[in-house]
Amino acid sequence: KAGVTQTPRYLIKTRGQQVTLSCSPISGHRSVSWYQQTPGQGLQFLFEYFSETQRNKGNFPGRFSGRQFSNSRSEMNVSTLELGDSALYLCASSLLAGGISYEQYFGPGTRLTVT
Amino acid sequence: DAKTTQPNSMESNEEEPVHLPCNHSTISGTDYIHWYRQLPSQGPEYVIHGLTSNVNNRMASLAIAEDRKSSTLILHRATLRDAAVYYCILRDDNQGGKLIFGQGTELSVKP
C-alpha cells in the first residue's frame, strides 16, 4: 500500500506570494490533518479534514486554509506569505471507524522557504 | 489540552533496553496515551498507544502507571535506527485527528 505523498517536496516563495501544497492520503483513509514544524515552535496542528469537512482547526491566522476533495486528497493554501511561514509542512492521514481513530500516518513533508 | 512532560534528551547504547519516561499528571479518564517518533528528515511515525493496560507491539512496549499519571515507552533492544525524537501525546478520541505535540525526547544511540 502506498504511503502518504506530498507535493512538492521543496518550494521557495517570496514574501507576499501565495502557495498551495498537496497531500494524497493512504488509499481508504478519509481523514487528513496538516501540521507545521519549525525549530522554534515544534510541531503544531493546523487543521483536519474528514469527508470534505473541516473537523478541527488549530490556532493559525486565516491566511492558512485548506480543503479536501471527494477522493480524500487535500490541499492547503497559505496566502500573503511571511518570512515566519518558512517551515516543514506535514500531512497525515488516518482511517476513522465509528469515531475512533488510531494511528496517524505522516508524509515526508513539504519544505517551504519564504524569502 | 492535557500536557505531557518528557526529558529533553536521553542516550542509550546499541542493543540495550531503553526506557523513555513521560509524565501526564492532568490526564483525564478518556485520554489515550500515544507515542510517535520522528527520525531525522522524516515525518513522525506512530509507535504505540494505550489507555490503561500495558501494551506490546512489534516496535515497543508501553507501560502505564496504575494511576495513569505517567507512562514509559520501552524499546527492548535499541538499534542505531531508533535514534529519533520521541513524542508522548495524550489524545481524547473525540478530537479526531488532532495531535498536540510537545518538545519530545531526543534519543541518541551509541554503537
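Here is how names work: the chains are called A, B, and so on, in the same order as the sequence lines, proteins then strands, and each is numbered from 1. Basis for what follows: all heavy atoms, side chains included, without hydrogens, waters or symmetry-related copies.
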Is the [atom1] atom of [X] crowded by more than 12 outside heavy atoms at less than 6.0 Å?
| X | atom1 | answer |
| --- | --- | --- |
| Asn59(A) | CG | no |
| Arg15(A) | CZ | no |
| Asn8(B) | CG | no |
| Glu106(B) | CD | no |
| Lys57(A) | NZ | yes |

Per the side-chain contact (heavy atoms from CB on, under 4.5 Å) rule, which among Phe106(A), Tyr35(A), Tyr105(A) passes with Pro44(B)?
-> Phe106(A)

Note: Gln104(A) and Tyr36(B) closest approach over all heavy atoms is N-OH, 2.7 Å

Atom CG in Asn56(A), atom CG in Leu99(B): separation rounded to 0.5 Å?
-> 10.5 Å

Distance (rounded to the nearest 0.5 Å) between Leu88(A) CG and Gln42(B) CD | 11.5 Å

Give, as side chain, backbone, both or neither, the part of Gln37(A) having an atom under 4.5 angstrom from any heavy atom of chain B.
-> side chain

Which atoms of Leu43(A) come close to chain B, meaning under 4.5 Å heavy atom to heavy atom: side chain ones, backbone ones, both, or neither?
-> both

